[in-house]
Each structure stands twice: as structure tokens, then as C-alpha cells.
2 protein chains.
Amino acid sequence: MAPSRNPQPESSGRSTRQKRSIRQVLANADRPLTPQEILTEAQLDCPGLGIATVYRAIRAWVEDGWIAPVEIPGQPDRFELGGKRHHHHFHCRSCGLVFEVERCDSRVAAFAPPDFVVDDHEILLYGRCASCAS
Amino acid sequence: MAPSRNPQPESSGRSTRQKRSIRQVLANADRPLTPQEILTEAQLDCPGLGIATVYRAIRAWVEDGWIAPVEIPGQPDRFELGGKRHHHHFHCRSCGLVFEVERCDSRVAAFAPPDFVVDDHEILLYGRCASCAS
DNA sequence: GTCGTTGCAAAGCGTTTGCAGCCTA
DNA sequence: TAGGCTGCAAACGCTTTGCAACGAC
């Protein structure tokens, strides 16, 4: 079977207007979003939505694995749909956007000192994206 | 000549007991330290030292280039001596400490999509350090 | 009706800043 | 002595939490 994307969070509790709006925003995004961006976007569909609700939904879905945090040092956390293939990120210093990078070399794990156990790694590339570089 | 470490910050203004203590702590550290760790350590030598003074010294020295920030997503910034050889970091999820990793493979820059210009990269390893793994 | 969920406001946490007094040069 | 430096406390921005009202089931 093809490892298809979870269309919905698994254990999302009750279905509410707020969570539906937030989920929709995340599902439609083509790049990782900050909680503030999610709030602003979701409020278009659900006025009165509070930032606390966004954080609570995010937290629950990260635990679910339905979304995943994208943490760029020095910047607020962003979130994208989880369940994707292992990948990394490219941060354009010109336009500030974050892009996905498909390639990876798991041999980087061997960089750790002897006796250290590596169970995950993150590679961040910095520079200028195609459109900013041209 | 061997590229020796700057023994002192360049433009550190007046010499005070506080800044001497903070500088000493950074110079003697074998791993990146958080402002809080720096404060606690420096207070042994300089009681009454305030956290604001630590932040002010850090900021000035980062601008100097005498120290460099080490930013682990989801954690407070840490600081280490600047001017070191290119290296990366390992974050122990058990004890929370951050260690230096000497090795690197600059081929990771080639992971970016075509037409993207990569001018820097960061590799973060996560797992358990030697003493936590045993 | 139950109890998970929400918005609000307050609390945390790491970091910065305003200010009056201190101390280096 | 002048003006940079310091400690304190308040202010910040982002995130979490306490609480009473709300609403899905």
C-alpha cells in the first residue's frame, strides 16, 4: 500500500467549528505555518477564534503525529502536515520562506562521538531560494 | 601560524569584575552554555551578578564575534567561543546538554533543489550522550 | 445532562529595557 | 569627575494554564 497521508487527525476528540477551521488551514497550506499565521487564516472562517485554542489544537495534533513542528532557530515554530517522508528544510534568508528538501544522507548520524546514540537528526540549509537568487 | 583563539573580546569597553567573571566562564566551558548557566557559574566568582548583565555582555560579544550563538530549536540559546572550526552539535534528550560534533560533510549543501543557492548549513544530532546511554 | 472545548485573562519563561546609583578610567 | 556599567524591577513577545460559560454528543 502507498503510505497515504492521514486526511484527519486520529484522536481529535469532539468535532467543533474551531478545530475544523484550524485543520482546514493546515491541510491547505503549501508551507509550514506559524501559530499566528494559522490564527489569522482560521479567523476568516471562524471569527472570535482565540490563539489559545490554536495552540491547544496544535499540541494535540503534534502528539497525534497528524502535524509536525518545523523549528528554525531564531524563529517561531511552524507546523506542517505530518506523516511525510523523512525530509529537511531550506530557509531562504531573502524572502524568509521555508521549503522542503527531499534529499538526506543518514550517514550524518555517524558524526557523533563514539558511545553517543543518535536516534534522529535535522539538517537545515540556509541561502537563497530559486526565485530570490535569480 | 596556528589560528589561535581570541583570548579576549575586542571592543569590550571598560573592564569590570562582572564582565571578567562572565568571560572566564565562557572561556573555560567545553560546551555551549545558556545565559542561565553562565549566570549561575559566574555568580560563584561574582555574587550579586544579575541576569541582565549576562545578557548585555553576551549581546556585545556576539556582535564582536568573540562568541557565537548555538540555537537548538525549542530551547534557550546557548553560547560558545567564536572563531572555532566549522562544526555541528549533538543534543542529548536525556540530560539536555549540548555537545560539539567535529565532523561534517559539506555535500549536504547539494541536497537543496536546483537553482537554490546554499551559503550555510546546520546539522543537529539528537539522541543520548555517552554517559546517559550507558 | 455530561464533560470535553472554548475565550478570556493571568501566569510562565526567556529576554530586553528604563532608571538611579556605582565605579572605572 | 564623566559617562559607561550594574542590579533591580518592569516590560516584552510567545506560549501555557485556570476558570467559568458553552456546546457536541
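Letters A, B, ... mirror the listed sequences (proteins, then strands); counts begin at 1.
Spacing between atom CZ of B/Arg78 and atom P of C/dT15 amounts to 10 Å, rounded to whole angstrom units. The interatomic distance linking B/Tyr55 (OH) with C/dG18 (P) rounds to 17 Å, in whole Å. Nucleotide C/dG7 holds its P atom 11 Å from the NZ atom of A/Lys19, rounded to whole Å. Atoms CD1 (B/Ile58) and P (C/dT16) sit 9 Å apart, rounded to a whole Å. C/dG12 atom P lies 17 Å from atom CD of B/Gln36, rounded to whole Å. Whole-Å rounding puts the B/Leu33 CG to C/dG14 P distance at 15 Å. A straight line from CD of A/Glu63 to P of D/dT16 spans 11 Å, rounded to a whole angstrom. Rounded to whole angstrom, the span from the CG atom of B/Leu39 across to the C1' atom of C/dT16 amounts to 15 Å.
Between B/His121 and B/His88, the ring planes lie tilted relative to each other; the angle falls in the 30° to 60° range.
For B/Ala52, counting side-chain heavy atoms from C-beta on, the closest listed nucleotide (D/dC8, D/dG18, C/dT15) is D/dC8. Nearest to the side-chain atoms of A/Arg56 among the listed nucleotides D/dT17, D/dC5, C/dC19 stands D/dT17. Comparing C/dT15, C/dC8, D/dT16 against the side chain of A/Arg59 picks out D/dT16 as the nearest. The side chain of B/Pro76 sits closest to C/dG14 out of D/dG7, C/dG14, C/dC8.
Rounding to the nearest 0.5 angstrom, the gap separating the CD1 atom in A/Ile22 from the OG1 atom in A/Thr53 is 6.5 Å. With rounding to the nearest 0.5 angstrom, the CD1 atom of B/Ile58 is 5.5 Å from the CD1 atom of B/Ile67.
A sub-4.0 Å separation between OP1 or OP2 of C/dG7 and a side-chain N or O of A/Gln18 is present.
Only one option out of B/Glu80, B/Arg31, B/Glu71, B/Arg78 pairs with B/His89 in a side chain to side chain donor-acceptor pair (under 3.5 Å); it is B/Glu80.
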Review point. When you check every protein heavy atom under 4.0 Å of nucleotides 20-25 of chain C, what one-letter string (B, S, -) results, 5' to 3'?
Key: ----BS
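The backbone N or O of B/Asp45 sits less than 3.5 Å from a side-chain atom of B/Arg17, completing a donor-acceptor pair.
For B/Glu122 and A/His91, the side-chain atoms include no donor-acceptor pair closer than 3.5 Å.
Within the 4.5 Å cutoff, no side-chain heavy atoms of B/Val101 are placed close to those of B/Ile123.
Residue contacts shown for B/Ile51 are absent, as no nucleic acid heavy atom lies under 4.0 Å away.
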